[in-house]
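Read through the structure below, which is laid out as structure tokens, and then see the notes.
Below, all heavy atoms of this structure are taken into account, side chains as well, without hydrogens, waters or symmetry copies. Since we're looking at a predicted model, the values are computed, not measured.
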Amino acid sequence: MATYGYARVSTDGQTVEAQVAALTAAGASKVFSETASGAKTDRAQLAKLLKGLQAGDVPMVTRLDRLARSTRDLLNILHELGERQVGFKSLVDTWADTTTPHGRLMLTVLGGLAEFERELIKARTDEGRIRAKARGVRFGRKPKLTPFQRMEALERLGRGETQAAVARSYNVSQTTVSFMANGQ
């Protein structure tokens, strides 16, 4: 069982020194550090740390925002660590400590709230979509051909013109004409 640290700053003008010192003082045997935006998903040092963790290891951060860019991102990372039987600690956010029963409870509650929020957002989005459809709003891409062009193209196909020739004349792909010819 080993304890590791992860330190991150967003810009080149900042330094990870204070984070590294705090993590080392808290018992980190090695600290992975980098300068990268939290919005980036391809943080090389974080990936290296996560990949090397074994069951029983405990990665630490000074604050949760050093690890994750959103609650969802945090929960995904912690879920992955939990499945691998890896703990997690945040020095400032002491409630975020999966090595204790209280910390696991807090993160379970946080996960439940995040899932509840996702369900509410989905329900509101679905309701809004239904209301918009009732008002006549059409979703998706606009048709490449006007209703008149569609009628004209179908007549031409009916007279035996090839789909490729019809498509070229309207500057659309043959697939567009094929879908239209099949009633889609």
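The structure places CD1 of Ile130 at 11.0 Å from OG1 of Thr125, a figure rounded to the nearest 0.5 Å. Here the CG atom belonging to Leu81 is positioned 6.0 Å from the CG atom belonging to Leu50, to the nearest 0.5 angstrom. Taking CD from Gln163 and CD from Glu161, the interatomic distance works out to 11.5 Å, rounded to the nearest 0.5 Å. Between the OG1 atom in Thr98 and the NZ atom in Lys89 there is a gap of 9.0 Å [rounded to 0.5 Å]. Here the CD1-CZ distance, from Ile121 to Arg124, works out to 5.5 Å after rounding to the nearest 0.5 Å. Thr162 contributes atom OG1, which lies 9.0 Å from atom CZ of Arg156 (distance to the nearest 0.5 angstrom).
Around the CZ atom of Phe116, the shell of radius 6.0 Å holds no more than 12 heavy atoms that belong to other residues, nucleotides or ligands. Remark: Asn171 CG is loosely packed, at most 12 non-hydrogen atoms of other residues, nucleotides or ligands lying under 6.0 Å away.
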_Walk me through whether Gln19 and Val9 qualify under side chain to side chain contact (heavy atoms under 4.5 Å, CB included)._
CA-CA 9 Å; Gln19 291 177 52; Val9 292; 3.7 Å; yes
*Kindly determine whether Tyr6 and Glu34 satisfy side-chain hydrogen bond (donor to acceptor under 3.5 Å, both in side chains), including the steps that lead there.*
CA-CA 8 Å; Tyr6 176 69; Glu34 62 191 329; 2.6 Å; yes
_Apply side chain to side chain contact (heavy atoms under 4.5 Å, CB included) to residues Phe32 and Val16 and explain how you reach the verdict._
CA-CA 10 Å; Phe32 295 79; Val16 295; over 6 Å; no
_Pair Thr176-Ser173, side-chain hydrogen bond (donor to acceptor under 3.5 Å, both in side chains): steps then yes or no_ = CA-CA 5 Å; Thr176 299; Ser173 71; 3.1 Å; yes
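Evaluation of the side chain to side chain donor-acceptor pair (under 3.5 Å) rule for Tyr170 yields Glu152 as partners, not counting sequence neighbours. In this view, Gln54 satisfies the side chain to side chain donor-acceptor pair (under 3.5 Å) rule with no residue, not counting sequence neighbours.
With hydrogens and angles ignored, the 3.5 Å screen pairs no side-chain donor or acceptor of Asp93 with any backbone N or O of Trp95. With hydrogens and angles disregarded, a donor-acceptor distance shorter than 3.5 Å links the side chain of Ser169 to the backbone of Val166. The main-chain N or O of Leu145 is never found under 3.5 Å from a side-chain atom of Arg150 such that the two would form a donor-acceptor pair. In terms of modelled atom types and a separation under 3.5 Å, the side chain of Ser178 and the main chain of Gln174 share no donor-acceptor contact. No side-chain donor-acceptor contact under 3.5 Å links Arg66 to the backbone of Ala7.
Pro59 and Val86 get closest at one heavy-atom pair: CD-CG1, 3.5 Å.
Under the 4.5 Å side-chain contact rule for hydrophobic residues, Leu105 and Leu113 share a cluster.
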